[in-house]
Amino acid sequence: FVALTPSAFLLFSSAHPACGWCVWCAVSLVRVLSQSLSISLSLSACVSTAEPRLFFCDCFSSPGPTTMASSLLAVSFRRVAASCRSALTAASPMTASLAPRSNRGVATLIPQVQQFVDQAKELCSPDKVHLFTGSQEENQQLIDGLVQQGTLFELNQEKRPGCYLARTDPKDVARAEADTFICSADREDAGPTNNWADPVIKKQEMSGLFRDCMKGRTMYVVPFSMGPWGSEFSKIGIQITDSAYVAANMRIMTRAGLPALEALASKTNPEFVACMHSVGRPILPDQDPTSEAYISARSSWPCDIDNRNVCHFPDERQIWSYGSGYGGNSLLGKKCFALRIASVQARDEGWLAEHMLILGLTSPEGEKRYVAAAFPSACGKTNLAMLKPSLPGWKVETVGDDIAWMRPNPKDGRLYAINPEFGFFGVAPGTSSDTNPHAVTTMKKNTLFTNVGLTEDGDVYWEGMHDLPEGVLTDWHGRKHWQPTLKPNFKGPGTGYKGMGYTIDEKSSPCAQSNSRFTTPMGQCPVLDEKWDSPEGVPIDAIIFGGRRKDTIPLVYESFDWNHGTFYGASLRSQATSASDQSGMVHDPMAMKPFIGYNVKDYFAHWLKLGNDSSLKMPKVFQVNWFQENEKGNIVWPGFGDNSRVLDWIFRRCANSADAVETPIGHLPTPGAINTTGLSISDEQLQSLFAVDIAAWQREAKQLREFFESLHEKEHPEKVVPQVWKAGQTLLDVPCVSHCLLTPPRPQTTKIKTI
């Protein structure tokens, strides 16, 4: 430490490059002096050329009384600091490129980050290294470059300003669960629902794949924050990628750029999640022009699907993803970090990282409650998060549509949730002015569309959006003059598509790929909750679980308590959607099965442990099913805006002001408890929506028993939550199902009622 004057100084350290304590000593000194002097000091640069390291601080006049002397000294020191910075960055071009000045001072790469970047550069051999700043100017340069290489197509800027369309390789369209691995040191920590790989062997394999994988390309260093600035909830990540498309999407989906580096530098414990990504196609001069590697590397969407790997190293807080450019596999802040790695962090730190939307619900009387809801991907989370209620006087506002980090607040014992994301990554097909008008408004500008159709006038199109537009349509493969596949509607001429007696078969050769997406900033949502970016989060009153079920599961019912609600989540089953590479009816506990970063049995136990903390006031838990079908295969409940009628009952149950009847599966609404005013639905249909079919539930219990038994592993059977096994007994025995986890048996006090 070298004091130049009481208000200007230099910091000098000869610490080892791998040690960050010199940085934190500097920050601490700056803070101490800031508090004792009439000026504020901010650490502005850490320039690493060679040992020793030099840290220099700028002095800035603070609001309030200052002396003329201190102001003059501040000006003098800024000139000294600028001279030092100029000399040092001129001597080290690489360092200069990795530490550009932001609007709030020069960003610093702390030694841990610098080491990570240096190692990635040495391994991947990029032609260039670019530190992502997050500025609008930088973003436009990325977009222009993507347009030039054919990855993006500029849409009609009058209709959709700032919007572009991307088309992926036809094989790179969804998350790849078969190629996704949890690489924990102990195999048991991955559990029976994850693909486990030995971390040492997998790291060697991935290092081989990443060796020289960025030759001929630019390596983007993308610092980002998951969560609001200044929040104790928030976590920092550093993503390395060779995809400008990924970098541009990360700017929308996360708080990406230099402020993330500044936030990291301000932390006492500078922990960050290291994220490595590559499309896996280096541009090499000596490649065979006829080879797949040569063609893919120079295509508009390079990828190496045959070697696709998405690997998580939870013990090291690292993610390595190779071979895919698709969002779920390449935007590593999303499912990989915000769920798989964060779920491990949550287990270790005593909170929950969940695949849930968060919404604010305000009654006509002005009372407000917050709800979190878990649905498998492509089951309507975004639609519910942006709901336009059909019930007069009700208001739904969006906090988040996909991920919730919930942490107990010691002050009042309630769970408080943040949305760690900064944008929406929504499924396009089915999104329309009827199903989600707020989403349609949100994506009118500054949006990246992927794998949707293109109209003749440069707009986007997908199935379920609206009637087919006039003119030539180009499908998601880039094929012009797309025509829909038709099927008879059995109503004769004069009906259906162009009066031909046919309807459009939206599942056969669609114009937009079934998992096509839009990436759009949250700030554009017209119903954004005022606390969506609150560092403290919002208090959760209710948690909802739901999935796509044709039968058995009623429209809505409430658990007896938190443990029973945990069973709701643990037993969740749903029809597979296009968001993943699965099919049929799948077990998806808490809608988290693909995203739990550790043993699912320990995950259940973690939920129960939180609920058994007597100091906490846990939310009420509900289960819903918007997708019940009649004998003709038609969905009975109108859904969308009318789901506000279900939210109304949930809201009133939280206030203990709505009627319910106890059944073997939980508390169901009594007749008339759901507001159906103005709804075109018969009494018979309502009865079917709330029926408890004992035979169907017995079949359900058998399948649940088989699932829970499949979680058993001979090596460590004591890690299984023992009460889960009771789910296989008959559902007529209320204690064995409704309290199958930890609650002691309760006597059956009411008869089974069918409403």
Side-chain angles (χ1 to χ4, degrees), residues 124 146 149-152 165-183 194-195 197 202-203 205-217 219 239-247 249-250 275-284 287-312 319-332 334-336 340 377-378 425 427 448 450-452 475-479 510 512-517 519 576-583 594-595:
C124 302
L146 288 165
Q149 70 186 39
T151 301
L152 293 182
L165 167 65
R167 298 189 183 112
T168 74
D169 184 294
K171 295 181 291 185
D172 195 15
V173 296
R175 282 186 287 107
E177 293 182 22
D179 298 328
T180 300
F181 300 91
I182 300 297
C183 307
N194 286 312
N195 299 318
K202 201 64 178 179
K203 189 67 73 72
E205 177 187 337
M206 295 300 288
S207 295
L209 290 172
F210 272 85
R211 178 70 59 192
D212 297 335
C213 68
M214 297 185 185
K215 280 190 172 181
R217 299 191 179 279
M219 184 177 88
Q239 176 158 344
I240 302 293
T241 181
D242 55 4
S243 169
Y245 169 85
V246 168
N249 273 273
M250 286 291 288
C275 306
M276 289 283 291
H277 170 258
S278 173
V279 296
R281 291 298 188 187
I283 302 175
L284 305 175
Q287 286 175 310
D288 178 0
T290 64
S291 68
E292 181 183 355
Y294 179 95
I295 295 170
S296 178
R298 291 157 179 80
S299 71
S300 60
W301 191 269
C303 60
D304 185 8
I305 297 302
D306 292 340
N307 290 306
R308 178 175 52 195
N309 273 265
V310 183
C311 301
H312 306 75
I319 305 163
W320 290 51
S321 178
Y322 178 91
S324 170
Y326 167 76
N329 304 323
S330 62
L331 306 183
L332 302 186
K334 198 164 177 61
K335 309 295 193 192
C336 295
R340 295 191 187 101
S377 295
F425 183 62
V427 176
L448 298 180
T450 302
N451 287 343
V452 300
D475 73 3
W476 71 279
H477 293 284
R479 298 176 298 204
Q513 203 274 336
S514 57
N515 193 39
S516 55
R517 297 279 177 158
T519 315
T577 68
S578 58
S580 70
D581 52 4
Q582 293 187 314
S583 60
F595 311 123

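Only this structure's heavy atoms are used, side chains among them; waters, hydrogens and symmetry mates stay out.
- A side-chain hydrogen bond (donor to acceptor under 3.5 Å, both in side chains) with Trp301 is found for one member of Asp172, Thr168, Thr151 and no other, namely Asp172.
- Here the OG atom belonging to Ser300 is positioned 10.5 Å from the CG atom belonging to Leu146, to the nearest 0.5 angstrom.
- Side chain of His312 to backbone of Phe181: a donor-acceptor contact under 3.5 angstrom is found.
- Two residues are said to be in side-chain contact when any heavy atoms from C-beta on lie closer than 4.5 Å; Arg217 and Pro302 meet this criterion.
- Closest approach of Cys303 and Ser296 over heavy atoms only: O-OG, 3.0 Å.
- Of all heavy-atom pairs between Gly328 and Arg175, the closest is CA-CG, 4.0 Å.
- Under the 3.5 Å distance criterion, the side-chain polar atoms of Arg517 are left unmatched by any main-chain donor or acceptor of Leu448.
- Of all heavy-atom pairs spanning Ser514 and Val427, the tightest one is O-CG1, 4.0 Å.
- A search for ring pair (Phe, Tyr, Trp, His ring centres under 6.0 Å) contacts involving Tyr322 returns Phe210, not counting sequence neighbours.
- A 4.5 Å side-chain heavy-atom check between Arg340 and Asn194 finds every atom pair outside the cut-off.
- The OG atom of Ser278 lies 11.0 Å from the CE atom of Met219; values are rounded to the nearest 0.5 Å.
- Between the side chain of Arg308 and the backbone N or O of Thr180 there is no donor-acceptor pair closer than 3.5 Å.
- The shortest non-hydrogen separation linking Ser330 to Ser324 is CB-O, 3.7 Å.
- The residue from Asn451, Asp169, Asn515 that alone fulfils the side-chain hydrogen bond (donor to acceptor under 3.5 Å, both in side chains) condition with Tyr326 is Asn515.
- Judged by distance alone, the side chain of Gln239 and the main-chain N or O of Leu332 form a donor-acceptor pair under 3.5 Å.
- Checked by atom type and distance alone, the side chain of Asp179 never pairs as donor or acceptor with a backbone atom of Val310 at under 3.5 Å.
- Put simply, NE2 on His277 and SG on Cys124 are 11.0 Å apart, with the number rounded to the nearest 0.5 Å.
- Asn249 CG to Thr519 OG1: the interatomic distance, rounded to the nearest 0.5 Å, is 4.0 Å.
- Across all non-hydrogen atoms, the minimal contact from Met214 to Ile240 is CE-CG2, 3.9 Å.
- Counting heavy atoms from C-beta on, the side chains of Arg167 and His477 never come closer than 4.5 Å.
- Judged by distance alone, the side chain of Asp242 and the main-chain N or O of Val279 form a donor-acceptor pair under 3.5 Å.
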If you apply the rule side chain to side chain contact (heavy atoms under 4.5 Å, CB included), what do you find for Trp320 with Leu209, and how did you get there? CA-CA 10 Å; Trp320 290 51; Leu209 290 172; over 6 Å; no
Take Thr450 and Tyr245 through the side-chain hydrogen bond (donor to acceptor under 3.5 Å, both in side chains) test and state the conclusion after the steps. CA-CA 11 Å; Thr450 302; Tyr245 169 85; 2.7 Å; yes
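- The OG atom of Ser243 sits 11.0 Å away from the CE atom of Met250 when rounded to the nearest 0.5 Å.
- Asn195 contributes atom CG, which lies 9.0 Å from atom CD1 of Ile182 (distance to the nearest 0.5 angstrom).
- When atom types are taken as modelled, the side chain of Asn309 and the backbone of Asn307 share a donor-acceptor pair closer than 3.5 angstrom.
- Minimum interatomic distance between Ala297 and Arg281 (heavy atoms only, all atoms of both residues): CA-CB, 3.7 Å.
- For Asp288, the side-chain hydrogen bond (donor to acceptor under 3.5 Å, both in side chains) partners two or more places apart in sequence, or in a different chain, are Thr290.
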